Amino acid sequence: MKTFIITIGFFLSICMGLAQETNHTTPKEGDYLQHPELKKFAGKWRDVSNNDTVDIILIKVKHLTPIKVYIDMLYLWHIYIKNREVISSTMQYVTENVTRETNSLGLVIEPDNPYKISLLSTDPITGKRAYIVLTYIDSPLHLDWEIKPYGVPNDFVIPEGYYSLPLKLTFYKLE
């Protein structure tokens, strides 16, 4: 129930924020709040560090929120391989028909930086909630990735093993 309330609150805050950005009116049932800026994030990306590889797929999706407003969202799937062993993966859920099995979704665009977004995520191994913050960099083309804890004080120090995925990565586009 707590997760459901958090998810509803997340979607409501997105919809209200988008309404303020677009036409300053509260969205009505059936409205479609588009964010073409998300297209630059979509695609297949890879980070390789020593014997570790993390691949991600980001897909922009027209998403129906619980308040029956459509918004553009990004969905993220990943596979994390460390020393040739799969540590965690959500690639088995990749589909055009996005469902709750997808572990990361997001649209929180930084108001002063359209090249930075946050995706709400649940670690598939530890079950801990987090924001995955992605920053799009044009030259050379890459994404910076940073995991930030969700629902903890700002001065919280992330202990080793708190998340199954690395906290900071740099991804390069594959396609």
Side-chain angles (χ1 to χ4, degrees), residues 2-23 25-47 54-80 88-111 113-125 127-138 141-148 150-151 163-165 169 171-175:
K2 183 178 178 184
T3 301
F4 178 73
I5 291 169
I6 290 170
T7 302
I8 293 282
F10 179 70
F11 284 122
L12 284 172
S13 67
I14 288 169
C15 291
M16 297 308 287
L18 286 174
Q20 291 173 2
E21 285 179 25
T22 53
N23 60 11
T25 62
T26 302
K28 299 181 294 296
E29 188 173 314
D31 282 355
Y32 179 24
L33 305 174
Q34 298 182 43
H35 256 292
E37 305 88 17
L38 295 179
K39 187 175 182 179
K40 66 180 161 265
F41 290 92
K44 295 179 182 178
W45 300 81
R46 174 172 288 159
D47 171 89
V54 179
D55 286 345
I56 61 173
I57 296 175
L58 288 160
I59 297 177
K60 184 178 133 194
V61 175
K62 181 180 177 180
H63 182 85
L64 180 61
T65 69
I67 61 169
K68 298 190 178 13
V69 172
Y70 291 93
I71 58 175
D72 285 336
M73 302 261 313
L74 277 181
Y75 280 77
L76 179 146
W77 296 269
H78 78 276
I79 185 166
Y80 174 33
S88 72
S89 178
T90 57
M91 290 296 189
Q92 67 271 27
Y93 300 118
V94 174
T95 176
E96 291 297 322
N97 299 319
V98 180
T99 65
R100 295 274 310 161
E101 284 84 19
T102 303
N103 79 316
S104 302
L105 59 139
L107 176 63
V108 180
I109 299 172
E110 300 286 328
N113 185 354
Y115 292 92
K116 191 175 208 176
I117 61 166
S118 297
L119 293 95
L120 184 60
S121 181
T122 301
D123 189 291
I125 304 294
K128 304 277 195 258
R129 306 276 284 176
Y131 285 112
I132 297 174
V133 180
L134 298 175
T135 305
Y136 181 92
I137 310 293
D138 275 325
L141 178 60
H142 69 278
L143 288 179
D144 286 337
W145 151 301
E146 183 178 4
I147 293 181
K148 295 189 175 190
Y150 173 85
Y163 295 114
S164 65
L165 292 164
L169 297 168
F171 288 92
Y172 294 92
K173 198 152 193 177
L174 295 177
E175 54 178 51

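The first residue of the sequence shown is numbered 1, and numbering continues consecutively from there. A quick note: this is a predicted structure, and the numbers were derived from the prediction, not measured. Just the heavy atoms: all of them, side chains too, but no hydrogens, waters or symmetry mates, feed the values below.
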Indicate the atoms forming the closest heavy-atom contact of I56 with W145, along with that distance. CG2-CZ3, 4.1 Å

Shortest non-hydrogen contact from Y115 toward K40: CD2-CE, 3.5 Å

d(D144 CG, F171 CZ) to nearest 0.5 Å is 10.0 Å

Are K116 and V133 side-chain neighbours, meaning at least one heavy-atom pair lies under 4.5 Å? yes

Take atom OH in Y136; do more than 12 heavy atoms of anything else shown fall under 6.0 Å from it? yes

Could you please spell out the steps behind the side-chain hydrogen bond (donor to acceptor under 3.5 Å, both in side chains) verdict for H78 and S89? CA-CA 5 Å; H78 78 276; S89 178; over 6 Å; no

If you round to the nearest 0.5 Å, how far is CG of L169 from NE2 of H142? 11.5 Å

Determine whether D72 and Y32 satisfy the following criterion, side-chain hydrogen bond (donor to acceptor under 3.5 Å, both in side chains), listing intermediate values before the conclusion. CA-CA 8 Å; D72 285 336; Y32 179 24; 2.5 Å; yes

Short side-chain to backbone donor-acceptor contact, Y163 and R129, under 3.5 Å: yes

Derivation and outcome, side-chain contact (heavy atoms from CB on, under 4.5 Å), residues I59 and L74: CA-CA 5 Å; I59 297 177; L74 277 181; over 6 Å; no

Could you tell me whether the side chain of K173 and the main chain of A42 form a donor-acceptor pair under 3.5 Å? yes

Supply the atom-to-atom distance L33 CG to H63 NE2, rounded to the nearest 0.5 angstrom. 12.5 Å

Correct closest heavy-atom pair for S118 and Y131 would be CB-CD2, 4.1 Å

Got a second to check how far D47's CG is from L165's CG, nearest 0.5 Å? 11.0 Å

Let me confirm one number: the CD1-CG distance from I132 to L120, rounded to the nearest 0.5 Å. 9.0 Å

Evaluate the side-chain proximity of L134 to L119: yes if any heavy-atom separation is below 4.5 Å, no if none is. yes

For side-chain contact (heavy atoms from CB on, under 4.5 Å), just list the numbers for D55 and K44, CA-CA rounded to whole Å, side-chain angles, deciding distance to a tenth of an Å, and then say yes or no. CA-CA 7 Å; D55 286 345; K44 295 179 182 178; over 6 Å; no

Can you see whether F41 has K60 sitting over its ring - NZ or CZ less than 6.0 Å from the centre and within 45° of the normal? no

Looking only at heavy atoms, which two atoms of D123 and S164 are closest? And how far apart? OD2-N, 2.6 Å

Which atom of Y172 lies closest to which atom of L141, heavy atoms considered: CD2-O, 3.4 Å

Within this structure, what is the CG-NZ distance for the pair L58 and K39, rounded to the nearest 0.5 Å? 15.0 Å

